[in-house]
Amino acid sequence: MPELPEVETVRRMLAEHALGRAIAEIRLSGKKLREPIPRGLAARVRGRSIEKARRHGKYLMLDLSGGVTLLSHLGMSGRWLFYPGDPDGTLIHVHVKFTFADGSKLWFQDPRRFGLLRAVDTTKLKDDPALSLLGPDPLASPLDGEFFASRAKGLKVAVKNFLLDQNRVAGIGNIYASEILHRAGVDPRRPARAVPKEAWDRIAKETALVLGEAVARMGTTFSAYRTLWNEPGLYGDQLLVYDRAGEACRRCGTLIRRIVQGQRSTFFCPHCQSRARSKTAAV
DNA sequence: ATCCTATCCTGTAGGC
DNA sequence: TGCCTACAGGATAGGA
């Protein structure tokens with residue numbers, strides 16, 4: 001569910017509302033997420049306050065006082081929810097409950113349990129296996145066509161799957177990959193090595209634009225994603241192809257197609273994203 | 001190294 | 001109403 005814009009939305013909200021708060025109490029559900037949450041995590045973070053909220057790709061990092069960082073990933077269905085007072089109603093699938101010294105609360109809810117939560121030494125964060133291999137974050141360091149073209153050299157993998165590979169670029173997921181390729185006019189099935197330089201230029205440009213616009217609208221709520229306030233993101237209105245199979249392309253009227261790549265849905269316009277439009281490359 | 005598949009888990013939507 | 005299948009924003013291990 002959450003890709004870069006959704007995680008960035010939550011990061012910004014945490015930076016605005018959670019900084020300086022001291023963790024007074026921690027409760028864990030005991031259920032395993034992507035990996036078991038270590039029993040010792042509670043003792044490791046208790047009493048520390050949140051000093052900074054950072055993000056790389058889809059990973060969120062909360063730096064705590066005393067050199068400990070909470071590293072989290074929302075997986076498919078994870079949510080960080082903040083409550084100034086008491087939560088209204090009963091929530092299920094809440095696996096982590098932080099209560100701050102002032103009584104406010106920060107909960108991690110994750111029905112499918114593909115999420116991740118680790119406490120690591122801040123100085124060793126860079127070496128954490130979850131982060132060490134990640135490609136650059138396209139918001140932190142804007143990427144150009146040259147970057148993409150050089151990383152794609154010789155790769156047979158389809159350009160859609162290339163964009164999803166977090167070790168090449170960090171933060172693009174299934175929704176935005178389809179949106180970026182549509183706006184760049186590139187056929188998602190093309191081998192990365194066969195994408196011409198001028199098409200990579202457009203992909204680079206649209207990556208920054210799409211992700212930026214999505215952040216401005218607090219992300220896309222397709223189903224599960226919610227902001228820190230449990231509200232949906234608004235970028236769904238802007239989607240040009242994702243989940244629009246059989247509907248008319250907003251640019252040319254051709255029916256949007258759904259195909260499966262790497263066991264995941266891809267949506268594209270066969271006309272706007274044809275080979276002719278992205279220019280023929282050598283190879 | 002690159003690539004492809006299966007797998008982890010629960011909820012929901014749609015067909016019958 | 002229930003039952004069944006397919007699918008869902010992700011990442012990773014393991015084999016070719």
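Excluded from the calculations below are hydrogen atoms, water molecules and symmetry mates; all remaining heavy atoms, backbone and side chain alike, are included. Within every chain, numbering begins at 1; the chains are lettered A, B, ... in the order of the sequence lines, protein sequences first and strands thereafter.
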Lys/Arg N to Asp/Glu carboxylate O, A:Arg183 vs A:Glu213, below 4.0 Å = yes
message = Using whole Å, what does the distance between atom C1' of nucleotide B:dC3 and atom CG of A:Asp165 come to?
response = 11 Å
message = Under 6.0 Å between ring centres: does that hold for A:His93 and A:Trp107?
response = no
ask   = Given B:dG11, is OP1 or OP2 found less than 4.0 Å from the side-chain N or O atoms of A:His93?
value = yes
message = In this structure, how many angstroms lie between the P atom of B:dA1 and the CZ atom of A:Phe162, rounded?
response = 17 Å
task = Map A:Leu155 and A:Phe114 onto DNA chain B by nearest heavy atom, then report which one ends up closer to the 5' terminus.
result = A:Leu155
ask   = Same hydrophobic cluster for A:Phe162 and A:Phe147, using side-chain heavy-atom links shorter than 4.5 Å among ILVMFWY?
value = yes
query = Just checking A:Arg34: base, sugar-phosphate only, or nothing, at a heavy-atom cut-off of under 4.0 Å?
reply = sugar-phosphate
key: A:His73 side-chain N/O to C:dA11 phosphate OP1/OP2 under 4.0 Å   = yes
Atom pair distance, as rounded to whole Å: CG in A:Asn161 and P in B:dA1 = 20 Å
inquiry  = Taking any heavy-atom pair under 4.0 Å as a contact, classify A:Ser265: base, sugar-phosphate, or nothing.
reply    = sugar-phosphate
query = With a 4.0 Å cut-off on heavy atoms, is A:Tyr176 in touch with a base, just the backbone sugar-phosphate, or nothing at all?
reply = nothing
remark   = From CG of A:Leu133 across to P of B:dT2 the rounded distance in Å is 12 Å
request  = Report yes or no: is there a donor-acceptor pair, N or O only, under 3.5 Å between the side chain of A:Gln263 and the base of B:dA6?
outcome  = yes
ask   = Between C:dG10, C:dA8, B:dC3, which one does the side chain of A:Lys156 approach most closely?
value = B:dC3
key: Bracket notation of DNA chain B in which parentheses pair within the strand, [ ] cross earlier pairs, and | pairs with another strand (Watson-Crick or G-U, under 3.5 Å)   = .|||||||.|||||||
query = According to a strict under-4.0 Å criterion, is A:Lys32 in side-chain N/O contact with OP1 or OP2 of B:dC8?
reply = no
inquiry  = Heavy-atom count check: over 12 atoms from other residues, nucleotides or ligands less than 6.0 Å from A:Lys205 NZ?
reply    = no
request  = When you get a sec, tell me which of B:dC3, C:dA8, C:dA11 is the closest nucleotide to the side chain of A:Tyr59?
outcome  = C:dA11
request  = Can you tell me the distance, in whole Å, between the CD atom of A:Glu35 and the P atom of C:dG10?
outcome  = 19 Å
request  = Answer yes or no: are there more than 12 heavy-atom neighbours, outside A:Lys197 itself, under 6.0 Å from its atom NZ?
outcome  = yes
request  = Select one nucleotide: of B:dC3, B:dG11, C:dA11, the one nearest the side-chain heavy atoms of A:Lys58.
outcome  = C:dA11
message = Checking side-chain polar atoms at under 3.5 Å, does A:Lys160 have a donor or acceptor matched by the opposite partner on A:Thr266?
response = yes
inquiry  = Show, in sequence, the C-alpha distance, side-chain angles and deciding distance for A:Glu35 and A:Arg118, and conclude whether the salt bridge (Lys or Arg N to Asp or Glu O under 4.0 Å) test is met.
reply    = CA-CA 9 Å; A:Glu35 64 187 27; A:Arg118 285 181 194 162; 2.8 Å; yes
request  = Would you tell me if any nitrogen or oxygen in the side chain of A:Arg112 comes within less than 4.0 Å of OP1 or OP2 on C:dG10?
outcome  = no
query = Using a cut-off of less than 4.0 Å, is there contact between a side-chain N or O of A:Gln166 and OP1 or OP2 of C:dA11?
reply = yes
ask   = Given atom CD1 of A:Ile175 and atom C1' of C:dC7, what is their separation to the nearest angstrom?
value = 14 Å
ask   = Strictly under 6.0 Å, is that where the ring centroids of A:Phe222 and A:Tyr242 end up?
value = yes
Interatomic distance, A:Leu116 CG vs C:dG10 P [rounded to whole Å] = 15 Å
key: Nucleotide nearest A:Glu3 (side chain, heavy atoms from C-beta), chosen from B:dC3, C:dC7, C:dG10   = C:dG10
query = In whole angstroms, how far is the P atom of B:dC8 from the CE atom of A:Met76?
reply = 15 Å
inquiry  = Check this one for me: any side-chain N or O of A:Arg113 less than 4.0 Å away from OP1 or OP2 of B:dT10?
reply    = yes
